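Note that the structure is a prediction, hence the values are computed from the model and not measured. Residues take their numbers from the sequence shown, with the count starting at 1. Whatever order the structure lists ligands and atoms in, that order sets their numbers, starting from 1.
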Amino acid sequence: MAAANGQVLHKPLGLLAELTHRCPLGCPYCSNPLKLESRADELDIGTWARVFREAAALGVLQVHISGGEPAARRDIVDIVAAANAAPLYTNLITSGVGLREQTLAALAAAGLDHVQISIQDSRAASADHIAGYQGAYARKNALAAEVVRLGLPLTVNMVVHRANIERIEEMVEQALQLGAGRIEIAHVQYYGWALENRAALMPSREQVERAVATVETLRGRHRGRIVIDAVVPDYYARFPKPCVGGWGRRSLNVTPSGRVLPCHAAECIPGLEFWSVREHSLQAIWESSPAFNAFRGTDWMPEPCASCPRREQDFGGCRCQAFLLTGDARATDPVCHLAPNHAMMAELAATQADAPYVYRR
Ligand code: SF4
Ligand code: FES
């Protein structure tokens, strides 16, 4: 089947449901936009239930229930039950703060399949400083223990940057002690709040090289005990990441107010027209909305991507990063060593400072 722009139409596999932008924490690398959507604009439960059914009919297998902090929604249990009934595999992405034990038990009873908790550091004082919330570390650890006690599979997500990159080994040890089946070590990606804090978050090349070697050692040491996934920091890479598995190819994001985006940062690109689930079905949005078709396939690519053998592997990198760094969303992601603007990456990565964070508020 073809999309409205004539490109091959793939089935989406994953849906990121951002229930709310409200969150008690203020992480300086938050992936939410700088301009947060308000509580008054949030979709109601009936609309989310329809979106989940439409997603399942479209081929989506898994919904990541996220935010902000999704537990800030009082109807979180009903929302998870609706996703479960769609039917979708449900993964709750939580800060662990603001989700009470009784609610967690109710979520498990409502069919929740998996929980992902973010932990900011292996040391409490640093973790609380990064989160901008006193006591966050203790509450996250307590909730993680409760997840395991309830028999739910747990992934620990640790975002790595210059303040904690030297403690990857401790962080993996912590995830093991918590009983997590998987740890995701994700270097900061510089969009939105993280871009505001780039110099304060940027690790040095030597730190990154040590981190990559540490992850390999830990994978060998803990094989069979925990899965270690690592997202490398692309400012130091030679090739870009295949962002979101290719634009309009694998996934959709629904914002708290119902706007459907091809990726979490897509609203940073001016001129894209996003459709809302309030006015359109998810199928119509996936197939025909202008934003999804803007960079679908390979026809939009300029050189060097247009004739590059890797164009179906990395899809020219990240459109949002290309725009944020070059002002042109069609440009080759400057992370690529073949990109005309690649020289800027070394310069940007070298700009590092132990500056105070601009917290997400
Ligand atoms: Fe990927 Fe484009 Fe670089 Fe080729 S030139 S490796 S397609 S970003
Ligand atoms: Fe938007 Fe990469 S974050 S395409």
Taking the six-membered ring where the residue is Trp, are the ring centres of Y235 and H187 under 6.0 Å apart? no
Do the side chains of P304 and T332 get nearer than 4.5 Å, heavy atoms only? yes
Contacting atoms of ligand 2, where contact means under 4.0 angstrom from a heavy atom of C263: 1 (Fe), 3 (S), 4 (S)
Scan R259, R278, R73 and name whichever one has a salt bridge (Lys or Arg N to Asp or Glu O under 4.0 Å) with E42. R73
Hey, would you say the Y357 and H129 ring centroids sit under 6.0 Å apart? yes
Give me the nearest non-hydrogen protein atom to atom 2 (Fe) of ligand 1 as residue plus atom name, then the distance to 0.1 Å. C305 SG, 2.3 Å
Of W300, F315, F295, which meets ring-ring contact (aromatic ring centres under 6.0 Å, His included) against W247? F295
As an exercise, identify every atom of ligand 1 less than 4.0 angstrom from a heavy atom of C336. 3 (Fe), 5 (S), 6 (S), 8 (S)
N, O or S from C268 under 2.8 Å to atom 1 (Fe) of ligand 2: no
Are more than 12 heavy atoms, taken from residues, nucleotides or ligands other than R221, located less than 6.0 Å from that residue's CZ atom? yes
Give the numbers and elements of all ligand 2 atoms closer than 4.0 Å to a heavy atom of Y191. 2 (Fe), 3 (S)
With atom 1 (Fe) of ligand 1 as the reference point, say which of D314, L338, T298 has the nearest heavy atom. D314
Would a 4.5 Å heavy-atom cut-off, applied to side chains only, mark T94 and Q116 as touching? no
Is any N, O or S atom of C243 under 2.8 Å away from atom 2 (Fe) of ligand 2? yes
In terms of atom number and element, which parts of ligand 2 are under 4.0 angstrom from non-hydrogen atoms of R319? 4 (S)
Decide yes or no on side-chain contact (heavy atoms from CB on, under 4.5 Å) for H264 and Y191, but give the supporting numbers first. CA-CA 9 Å; H264 67 277; Y191 311 97; 3.8 Å; yes
Over 60° means perpendicular and under 30° means parallel, so classify the ring planes of Y29 and H161, tilted if in between. tilted
Short list, please: which atoms of ligand 1 are under 4.0 Å from a heavy atom of F239? 6 (S)
Check each heavy atom of P309 against ligand 1 and say whether those closer than 4.0 Å belong to the side chain, the backbone, both or neither. neither
Heavy atom of Q321 under 4.0 Å from ligand 2? no
For atom 4 (Fe) of ligand 1, closest protein heavy-atom neighbour: C308 SG, 2.3 Å
Does the shortest distance from atom 2 (Fe) of ligand 2 to an N/O/S atom of C318 fall below 2.8 Å? yes
